[in-house]
Every structure is written in C-alpha cells, then in structure tokens.
Amino acid sequence: MLARATARPGRLLIVDLFAGAGVYDLEGPPARKTGEAREGIGRLLEASDPPALAVPLLDAVRALDPGGRRYPGSPELARARLRPGDRLVLVELHPTDHADLSARYGGREGVEVRRADGLRLLAGTFPPPVGRAVVLIDPAYELEGEEPALVEALGRALARQPAAIYLLWYPVLERARTEAFLAALAEAGLGGALRVELARLPDGARRGLTASGMVIVNAPHGLDRWLARELPILAAALGLRGPSRVERLPGRPAPRRPRPLAPALSGGRR
Ligand SMILES: C[S@@+](CC[C@H](N)C(=O)[O-])C[C@H]1O[C@@H](n2cnc3c(N)ncnc32)[C@H](O)[C@@H]1O
C-alpha cells in the first residue's frame with residue numbers, strides 16, 4: 001500500500017499512530033523467545049521464488065540489513081518510502097519505544113516523532129481534513145474497551161477526512177468478538193472497506209491467536225482482485241493452515257461530504 005501511495009504524484013502525509021520502536025533485533029531475547037520470525041520472515045527470505053506479495057517487504061528487510069537480523073517495523077517501512085515534500089508522523093505512547101523512535105528518527109527531514117495517545121489523535125487531529133494521507137493503525141489490543149474506542153475514533157476520523165487511506169490491523173483471538181468488532185466498524189462508516197485476513201490455523205473453540213487481518217479503507221482500485229489471487233500463494237509459502245479471506249465489510253461507505261461548488265457555479269461573485 002505504501003508503495004502504491006508513494007507511486008502517485010503529490011505530497012503525502014503518512015501517520016503511524018501506534019508506531020512501536022521502528023526496528024527490531026530478530027536475534028534479541030524477545031524475538032528468540034517466540035521463534036515466530038523463523039517461521040515467518042525467515043522462510044520468505046530463504047524462498048528461491050518468493051510470493052509477489054512479500055517482495056516489497058523482503059526488499060525493505062535486505063535494504064536495512066542484508067544479514068536479515070534487523071527487521072523493519074512500520075516506521076522504518078514508511079520512512080524508506082518518503083519522497084522530498086512528504087511528511088511522516090510517528091506516534092508512540094510507551095516511553096521506551098518513544099525514546100527508540102526519537103533516537104532513530106528525531107531530526108530527520110520530513111519525520112516528526114510524538115509521544116501521544118494514537119487513539120486521541122485519530123479521533124481529533126490525524127489525518128487533517130485536507131491533503132493526501134495514509135494512516136497506519138496497529139494497536140496492541142491489550143486493553144479492555146480498546147475496540148469500541150477504535151470504532152469511535154475511526155468513525156470521527158472518516159467523517160473529518162473521508163478520502164484518506166486507513167490501514168487497521170486486527171487479530172483474531174475469538175472469532176465472534178472479531179466479527180462483532182468488524183460489524184461495529186462497518187456501522188461507524190467503514191462499510192464497503194476491504195477486509196483481508198491470513199490464518200495460521202482454522203478458528204479454534206478456545207481463545208488464542210489463529211489469524212490476523214487488515215481493514216483497508218479507500219483501497220486502490222483492483223487491490224481486492226490482486227490480493228484474492230496472491231494471498232493464497234503467500235499463505236502456502238508460509239505453511240499456514242487456515243483459510244485466507246478477501247472480502248468487503250457489509251454496508252455502504254458513509255457518504256463523502258459534498259465538495260463546495262466553484263464560485264461561478266454556486267452563484268458567487270465573479
Ligand atoms: C503492535 S505494536 C506496533 C508495531 C508497529 N506498528 C510495527 O510495525 O513495528 C503497538 C504499539 O502501540 C503502542 N501503544 C499502545 N497504546 C498506544 C496508544 N494509545 N497510543 C500510541 N501508542 C500506543 C505500544 O507501546 C506498541 O509499541
């Protein structure tokens with residue numbers, strides 16, 4: 001999505017509202033504890049003919065560290081795509097991650113690092129009502145009440161800036177809860193948004209991470225067909241055992257605010 005957005009001419013604002021630390025060490029204790037990287041990016045880096053969907057990420061990983069030990073989080077992926085005149089706002093609430101971000105990106109041209117609550121900024125400030133913007137929303141989903149707060153904040157953001165591209169990551173820990181969250185998003189104005197999911201396992205009877213997905217608002221034309229073709233190839237390369245999905249959220253998008261008529265058409269003075 002970042003590649004497509006930055007391929008179009010015109011200044012772009014990228015806002016990463018839950019930015020994390022920026023770059024991760026895949027040999028560090030937290031990564032070694034889960035071993036997830038080996039099964040994910042590790043497999044893709046070793047593939048002789050990697051899936052097309054993974055190629056931009058693999059390029060970014062190799063550009064950051066040809067050894068594949070340091071792994072780019074969303075701030076690094078976005079920063080690597082910035083063109084002159086583009087702007088990147090990185091928002092992180094946790095002091096340690098914020099300090100890492102500031103050390104890595106503070107003072108870089110076009111990049112602003114903020115210690116703030118991403119949800120509040122989404123509800124009231126970012127994206128602003130004018131200009132082209134891509135908004136990355138990758139919360140931890142650890143707090144009670146986080147989903148309703150996201151629904152509310154995204155509804156407000158969309159009413160303020162209906163033309164921005166919003167990318168919202170979500171986990172599937174309990175299928176019924178995920179579906180309720182997505183239905184609430186659709187009612188809040190995200191009807192018709194693209195919903196893309198990759199599943200490690202089929203849905204389980206007990207709570208546990210089986211899949212993760214992304215809701216894409218204002219997805220570029222044709223992205224749904226491309227993903228429907230490419231996602232199963234990526235799932236096979238990763239050895240995933242659950243189904244992948246490419247669907248639309250039910251309902252219609254909230255109406256976009258009418259653009260003001262040009263003065264000549266609206267009867268204004270000439
Ligand atoms: C899933 S991680 C983000 C990972 C990141 N997008 C990446 O690709 O590397 C979620 C991050 O959100 C931060 N966070 C949690 N609540 C937040 C809030 N209300 N506002 C901003 N950041 C928050 C956490 O400290 C954590 O670093």
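In what follows, residues are counted from 1 in the order of the sequence shown. Scope of the values below: all heavy atoms of this structure, side chains included, with no hydrogens, waters or symmetry mates. As the structure lists them, so they are numbered: ligands from 1, and atoms in each ligand from 1.
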Any chance you could measure [X], atom [atom1], to [Y], atom [atom2], to the nearest 0.5 Å?
X	Y	atom1	atom2	answer
Leu122	Glu152	CG	CD	10.5 Å
Arg252	Leu190	CZ	CG	15.0 Å
Leu88	Asp16	CG	CG	7.0 Å

- Task: Spell out, as yes or no, whether a donor-acceptor pair under 3.5 Å connects the side chain of Arg132 to the backbone of Ala163.
- Result: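 No, Arg132 side chain to Ala163 backbone: no donor-acceptor pair under 3.5 Å.
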- Measure from the side-chain N and O atoms of Arg245 to the backbone N and O of Arg195, and report whether any donor-acceptor pair falls under 3.5 Å.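 Not confirmed, Arg245 side chain does not pair with Arg195 backbone.
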- Looking just at side-chain N and O atoms, do Glu76 and Tyr71 make a donor-acceptor pair shorter than 3.5 Å?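 Absent: no donor and acceptor within the cut-off.
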Starting from the N and O atoms of ligand 1, collect every protein N/O partner closer than 3.5 Å and put each pair on its own line with the distance to 0.1 Å.
{"unit_1": "ligand 1", "atom_1": "6 (N)", "unit_2": "Phe18", "atom_2": "O", "d": "3.2"}
{"unit_1": "ligand 1", "atom_1": "6 (N)", "unit_2": "Ser74", "atom_2": "OG", "d": "2.8"}
{"unit_1": "ligand 1", "atom_1": "6 (N)", "unit_2": "Asp138", "atom_2": "OD2", "d": "2.7"}
{"unit_1": "ligand 1", "atom_1": "8 (O)", "unit_2": "Ser74", "atom_2": "N", "d": "2.9"}
{"unit_1": "ligand 1", "atom_1": "8 (O)", "unit_2": "Ser74", "atom_2": "OG", "d": "3.1"}
{"unit_1": "ligand 1", "atom_1": "9 (O)", "unit_2": "Tyr24", "atom_2": "OH", "d": "2.9"}
{"unit_1": "ligand 1", "atom_1": "19 (N)", "unit_2": "Asp117", "atom_2": "OD1", "d": "2.9"}
{"unit_1": "ligand 1", "atom_1": "20 (N)", "unit_2": "Gly118", "atom_2": "N", "d": "2.8"}
{"unit_1": "ligand 1", "atom_1": "22 (N)", "unit_2": "Leu93", "atom_2": "N", "d": "3.3"}
{"unit_1": "ligand 1", "atom_1": "25 (O)", "unit_2": "Glu92", "atom_2": "OE2", "d": "2.5"}
{"unit_1": "ligand 1", "atom_1": "27 (O)", "unit_2": "Glu92", "atom_2": "OE1", "d": "2.9"}
{"unit_1": "ligand 1", "atom_1": "27 (O)", "unit_2": "Glu92", "atom_2": "OE2", "d": "3.3"}
{"unit_1": "ligand 1", "atom_1": "27 (O)", "unit_2": "Asp97", "atom_2": "OD2", "d": "3.0"}

